[in-house]
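Step one of this worksheet: look at the structure below.
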Amino acid sequence: MGKKKDSPTVWHVLGLMTNIGITLAASVFIGYYMGYYLDRWLFHKTGYVMTIIFSLFGIAAGFRAVFSMINKILDEDEGNGGNKG
């Protein structure tokens, strides 16, 4: 009998996509709320500069985390020439 080619299951792919979405959303929300509370503390409800800056930091951190997650998965797959079997 021939070798069975191991492919990622539907649950594995679904888990990866969910992890990517949650990571990106959490990074953006954390950055936004950090900036929001810094604005309230430093500028007393008149400024929005820190909210914008920390939102951009959150977006950058989220994309960095997602790209490193994807690169880690791709590096694991390339070790066997793309085949896990």
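Ile22 is not connected to Tyr33 by any chain of hydrophobic side-chain contacts under 4.5 Å among Ile, Leu, Val, Met, Phe, Trp and Tyr, and they are in different clusters. No single ILVMFWY cluster, assembled from side-chain heavy atoms under 4.5 Å apart, contains both Val49 and Leu56. Ile52 and Phe29 fall into different hydrophobic clusters, where Ile, Leu, Val, Met, Phe, Trp and Tyr side chains are chained together by heavy-atom contacts under 4.5 Å. Cluster annotation: Met69 is not connected to Trp11 through the hydrophobic network of ILVMFWY side chains, with a link wherever side-chain heavy atoms come within less than 4.5 Å. Under the 4.5 Å side-chain heavy-atom criterion for ILVMFWY residues, a single connected hydrophobic cluster contains both Trp41 and Ile53.
A distance below 6.0 Å separates the ring centres of Phe54 and Phe57.
Rounding to the nearest 0.5 Å places CZ of Phe67 at 11.5 Å from CG of Leu74. For the atom pair CE of Met34 and OG of Ser55, the computed distance is 11.0 Å after rounding to the nearest 0.5 Å.
Between Ile20 and Ile70 there is a side-chain heavy-atom pair separated by less than 4.5 Å.
In this structure, Arg40 is not positioned above the aromatic face of Phe43 in the sense of NZ or CZ being under 6.0 Å from the six-membered ring centre and within 45° of the axis.
A pairwise comparison of heavy atoms in Thr51 and Tyr32 identifies CG2-CE1, 3.3 Å as the closest pair.
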Open item on the list: Would Thr9 and Val13 count as a side-chain contact (heavy atoms from CB on, under 4.5 Å) here? Give the steps.
Closed with: CA-CA 6 Å; Thr9 63; Val13 173; over 6 Å; no
